[in-house]
Amino acid sequence: MSDSTRLRIAIQKSGRLSDDSIALLKAIGIKLQIRDRLLIAHSTNEPIDLLRVRDDDIPGLVMDGVVDLGFIGENELEEKMLERQAAKKQAAFNTLRRLDYGGCRLSIAVPNEMAYENIKSLEGKKVATTYPFLLERFFAQKNVNAQAVMLTGSVEVAPRAGVADAICDLVSTGATLEANGLCEEDVVFNSKAVLIQKADALSDEKQALVSRLLPRIDGVIQAKE
Ligand code: PRT
Ligand code: ZN
């Protein structure tokens, strides 16, 4: 077993949040020894271990108390929270900081040739997405009867493939939508990366360490503004 006195932080192993999360940890003075293949990375100057996993696993690891902290996109965090609430699983956590990277929006997009006035235009339609809980909550709020169709990848080709009428996917520049003949219509959720902490109290030593790190994070973010 790992040393339980060391602060455990879950971080995306490889993807859009990895480099910025590592850069932030380094910028606040945490020295890290990362070996590409390994699940665990140790800090050489602070009692901190990184658990390097897929981003999909990070909300659950924090909510189950397996790790103390996690860096995660709010889109993934909110989706997993809704999924776990529906399954009556522990879904509590604390957000420590909203960060200055990982910005994107979860948006509904429809084929350019589709007549779209407002969200009601999706009544009775199928919408492909990797975020069915966020999308269904949006439909419920807007009083629209549409069906979320779960796809874990290639969401942007679903309308052309005849799998769905529209999509609901993450957008940053909009280039992917444009390349696939899709037009962004409604924003379902705005997202950034956040640093979260498990709901159960940390040991005094770990909490003291977290309290020492947070002002440094604030300093790094302010310096960039
Ligand atoms: O392997 P693992 O499961 O860890 O990674 P992943 O493939 O699930 O996630 P990854 O690395 O792609 O994204 C991680 C997180 O980055 C997301 O959950 C968001 O919080 C954030 N993020 C920010 C984005 C984007 N911007 C983004 N543009 N995640 C995905 N995209 C994709 C989007 O799905 C679409 O395919 O980029 C494409 C659109 O980009 P534009 O610029 O063409 O609009
Ligand atoms: Zn993922």
Side-chain angles (χ1 to χ4, degrees), residues 8-25 34-41 50-64 66-67 69-84 91 93 95-112 127-135 137-138 148-161 163-164 166-196 217 221 224:
R8 298 189 112 202
I9 307 180
I11 188 166
Q12 188 185 26
K13 183 162 194 271
S14 116
R16 288 168 192 264
L17 302 180
S18 309
D19 289 350
D20 286 329
S21 301
I22 297 284
L24 178 57
L25 290 172
I34 297 177
R35 295 217 188 87
D36 231 19
R37 286 174 303 113
L38 295 187
L39 175 71
I40 301 270
L50 297 189
L51 193 64
R52 303 167 64 231
V53 293
R54 289 200 60 183
D55 70 338
D56 313 51
D57 296 335
I58 294 173
L61 287 168
V62 173
M63 290 168 191
D64 286 332
V66 175
V67 298
L69 307 185
F71 288 95
I72 184 67
E74 290 170 307
N75 54 301
E76 196 63 49
L77 177 63
E78 187 85 357
E79 175 72 12
K80 284 293 185 309
M81 190 190 77
L82 295 175
E83 185 185 328
R84 289 174 67 104
F93 64 91
T95 300
L96 298 180
R97 288 296 183 273
R98 197 167 196 236
L99 305 168
D100 61 350
Y101 60 88
C104 58
R105 52 200 189 272
L106 182 68
S107 287
I108 291 174
V110 307
N112 289 332
V127 183
T129 188
T130 311
Y131 300 91
F133 284 92
L134 285 171
L135 179 57
R137 180 175 69 180
F138 187 74
V149 177
M150 172 69 168
L151 280 184
T152 56
S154 307
V155 172
E156 65 280 358
V157 302
R160 245 185 304 144
V163 172
I167 72 164
C168 174
D169 201 6
L170 298 177
V171 182
S172 43
T173 63
T176 303
L177 294 183
E178 203 185 323
N180 286 282
L182 298 165
C183 182
E184 185 176 359
E185 299 288 0
D186 279 292
V187 177
V188 171
F189 190 80
N190 277 302
S191 182
K192 279 193 168 188
V194 284
L195 175 61
I196 58 171
I217 291 180
I221 292 175
K224 282 198 271 175

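Index from 1, following the sequence. We count ligands from 1, going down the list as the structure has it; atoms in each ligand are counted the same way.
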Numbered atoms and elements of ligand 1 in range of G15, under 4.0 angstrom, heavy atoms: 11 (O)
To check your reading of the model: name the closest protein heavy atom to atom 18 (O) of ligand 1, its residue, and the distance in Å. N75 ND2, 2.9 Å
Donor-acceptor pair, side chain of E79 and main chain of L134, under 3.5 angstrom: yes
Tell me: protein heavy atom nearest atom 35 (C) of ligand 1, and distance? L170 O, 3.6 Å
Carboxylate-amine/guanidinium contact R52 D36, below 4.0 Å: yes
List every atom of ligand 1 that sits less than 4.0 Å from any heavy atom of G103, numbering the atoms from 1 in the order shown and giving each element. 23 (C), 26 (N)
Taking every non-hydrogen atom, the tightest pair across E156 and D169: OE1-OD2, 3.9 Å
Applying a heavy-atom cut-off of 4.0 Å, say which part of S172 lies close to ligand 1: side chain, backbone, both or neither. both
Check: V188 and Y131 side chains under 4.5 Å, non-hydrogen atoms: no
From T129 OG1 over to F138 CZ, what is the distance, rounded to the nearest 0.5 angstrom? 12.0 Å
Ligand 1 atoms in contact with D56 (distance to a heavy atom under 4.0 Å): 3 (O), 8 (O)
Suppose we measure from atom 14 (C) of ligand 1 to each protein heavy atom; which comes out shortest, and what is that distance? D55 OD2, 3.5 Å
Using side-chain heavy atoms (C-beta onward) and a distance below 4.5 Å, is F71 in contact with I9? yes
Check: S191 side chain, C104 main-chain N or O, donor-acceptor pair, under 3.5 Å: no
G73 heavy atoms, cut-off 4.0 Å: which ligand 1 atoms fall inside? 20 (O)
Taking the N/O/S atoms of D55 one by one, which is nearest to the Zn ion (ligand 2)? OD1
Any non-hydrogen atom of A193 lying under 4.0 Å from ligand 1? no
Which of the numbered atoms in ligand 1 are below 4.0 angstrom from a heavy atom of T176? 38 (C), 39 (C), 40 (O), 41 (P), 43 (O)
Taking the basic N atoms (NZ, or NE/NH1/NH2) and the acidic carboxylate oxygens, is any pair closer than 4.0 Å for D64 and R84? yes
Worked check of side-chain hydrogen bond (donor to acceptor under 3.5 Å, both in side chains) between S107 and E184: CA-CA 7 Å; S107 287; E184 185 176 359; 2.6 Å; yes
Reported CZ-to-CD1 distance for the pair R35 and I40, which is rounded to 0.5 angstrom: 13.0 Å
What is the closest protein heavy atom to atom 1 (O) of ligand 1, and at what distance does it sit? R54 NE, 3.4 Å
Considering heavy atoms of the protein only, find what lies nearest to atom 42 (O) of ligand 1 and give residue, atom and distance to 0.1 Å. T173 OG1, 2.6 Å
Spacing of CG belonging to D57 relative to NZ belonging to K13, to within rounding of 0.5 Å: 12.5 Å
Positive for side chain to side chain contact (heavy atoms under 4.5 Å, CB included) with T130, one of V155, N75, I167: V155
Please classify the D169 to ligand 1 contact at 4.0 Å (heavy-atom distances, strictly less than): side chain, backbone, both or neither. side chain
Over 12 non-hydrogen atoms of neighbours within 6.0 angstrom of CG in N112: yes
Minimum heavy-atom distance between L182 and P111, given as atom pair plus value: CD2-N, 3.7 Å
For atom 15 (C) of ligand 1, the protein heavy atom that lies nearest, with its residue and separation: L17 CG, 3.8 Å
Just need the protein heavy atom nearest to atom 26 (N) of ligand 1, so name the residue and atom and give the distance. C104 CB, 3.4 Å
Residue A175 vicinity, atoms of ligand 1 by number, heavy atom under 4.0 Å: 43 (O), 44 (O)
Does the shortest distance from the Zn ion (ligand 2) to an N/O/S atom of E76 fall below 2.8 Å? no
Atom name, D56 (N, O or S, nearest to the Zn ion (ligand 2)): OD1
Would you say ligand 1 has an N or O under 3.5 Å from any N or O of S191? no
Looking only at non-hydrogen atoms, the one of R16, Q12, E184, E79 nearest atom 29 (N) of ligand 1 is R16
Applying a heavy-atom cut-off of 4.0 Å, say which part of V155 lies close to ligand 1: side chain, backbone, both or neither. neither
Using a strict 4.0 Å cut-off to heavy atoms of G102, name the atoms of ligand 1 that fall inside it. 21 (C), 23 (C)
If the cut-off is 4.0 Å to any non-hydrogen atom of V171, which atoms of ligand 1 fall inside it? 44 (O)
Non-hydrogen protein atom less than 4.0 angstrom from atom 8 (O) of ligand 1: yes
Could you walk me through whether K224 and Y101 pass the side-chain contact (heavy atoms from CB on, under 4.5 Å) check? CA-CA 11 Å; K224 282 198 271 175; Y101 60 88; 5.5 Å; no
